[in-house]
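What you see is a predicted model, and the numbers here were worked out from it, not measured in a lab. Values reported hereafter were calculated over all heavy atoms of this structure, with side chains retained and with hydrogens, waters and symmetry mates removed.
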Amino acid sequence: MHKQNGEIYAHEQNGYPDDPTKRSDEGNEHVEQARRYARYYVYRERGYDTLSNAENPGWIAAVGGVVGNLSPEEFEAYFGDYYQQFRYHVTGEGQPQVELPETVDEQTFVAYCTDVYLDLDAEALLDEDVITYFGEAADHLAGSTGGLFDQLRDLADSLGVDDVQPFELDATSAVELLYQGTTEEHYVGGSSPRAREPDARLELSPVDPGDDEYLSIEGFQALVVHHLLCQVRDCYLLMGLEPPEEYRVLGMGSYEASMRYEHRPLYENYHYTSADVDGYFDFETGGPFQLGNLV
């Protein structure tokens, strides 16, 4: 690790060959898990900026809390285009924000993406106490977002963090289409409203949920919060860690994690809500939260 910035450039271990081409797929995945955990540990314990927002479970949990506490009108103001794209794909109603290319058929994996930006001072959040705050938030926040802000404030107070204010949304990006080609992913549309890293990225696949409840604006808001909870889960699993109980939820989180679950035998099918994974619950029928108290 570089002492100046905390960047991890090498590590010694005896379990796997240093040459990636000589490792099994499982061996490569274990090495990747170790590297992710090392970045997380350095961020938590040393205060270096070694994590992207997409790798930071506390950061994503905070975004989920902000989105879950929006009124339906506020949610539609920020995510209306994204909601319309999802609804159009499922029902054919309305106008799409981005058209599917002719090469995309029913067998092609498709996800719709939008970047989410919070209104906060990112530099202040690199303070050591605030880093602890985000880590503890990811570890201990209850699944119901209804009480999430109270817990955030109580946690900040207990750590003596004065700079953390109730967060608000700043902006969301234009809808972007992600689809799988023969050898690589393709992106269509999308534009960033801010010249900085987004605080979270939605990558929902518009599979028909089979329930009209999800197609209302309130139901879609709950689905987005669930999607972010799944991304918190992904952060832990891709570090080789079992998530805290409130994040042991089934469903699609990040695209990268979902592809790993789909193609690497090391992982269970966490991205399927119908999967039978011991200790994990689906969106509607179990676990520490229910659909009704997410919004």
Cluster companions of Met252 among Ile, Leu, Val, Met, Phe, Trp, Tyr (side-chain spacing under 4.5 Å): Phe109, Leu178, Tyr187, Tyr255, Met259
Co-members of Tyr117 in a cluster of I, L, V, M, F, W and Y side chains, linked at under 4.5 Å: none
Counterpart residues, side-chain hydrogen bond (donor to acceptor under 3.5 Å, both in side chains), relative to Ser52 (two or more places apart): Glu55
Residues in side-chain hydrogen bond (donor to acceptor under 3.5 Å, both in side chains) contact with Arg260, at least two apart in sequence or another chain: Glu29, Glu256
Counterpart residues, side-chain hydrogen bond (donor to acceptor under 3.5 Å, both in side chains), relative to Thr114 (two or more places apart): Ser173
Ring pair (Phe, Tyr, Trp, His ring centres under 6.0 Å) assessment of Tyr83 paired with Phe79: CA-CA 6 Å; Tyr83 166 64; Phe79 296 96; over 10 Å; no
Arg39 versus Thr50, closest heavy-atom pair with distance: O-OG1, 2.7 Å
Main-chain N/O of Ala111 paired to Ser205 side chain as donor or acceptor, under 3.5 Å: no
Asp105: side chain to side chain contact (heavy atoms under 4.5 Å, CB included) partners, not counting sequence neighbours: Gln107, Thr108
Distance-minimising heavy-atom pair for Tyr247 and Ala61: OH-CB, 3.7 Å
Asp234 versus Tyr270, side-chain donor and acceptor atoms under 3.5 Å: no
Test side-chain contact (heavy atoms from CB on, under 4.5 Å) applied to Val67 and Phe75, step by step: CA-CA 7 Å; Val67 175; Phe75 178 82; 3.9 Å; yes
Residues forming a side chain to side chain contact (heavy atoms under 4.5 Å, CB included) with Leu100, sequence neighbours excluded: His89, Val104, Val110, Tyr112, Leu177
By salt bridge (Lys or Arg N to Asp or Glu O under 4.0 Å) - contacts of Asp115 (at least two apart): Arg201
Residues forming a side chain to side chain contact (heavy atoms under 4.5 Å, CB included) with Ser216, sequence neighbours excluded: Glu218
Residues which pass side-chain hydrogen bond (donor to acceptor under 3.5 Å, both in side chains) with Glu268, listed by chain and number, not counting sequence neighbours: none
Partner residues of Tyr41 under the ring pair (Phe, Tyr, Trp, His ring centres under 6.0 Å) criterion, sequence neighbours left out: none
Mutual orientation of the aromatic rings belonging to Tyr261 and Tyr267 [parallel < 30°, tilted 30-60°, perpendicular > 60°]: perpendicular
Partners passing side chain to side chain contact (heavy atoms under 4.5 Å, CB included) against Ser274 (at least two apart in sequence or in another chain): Tyr272
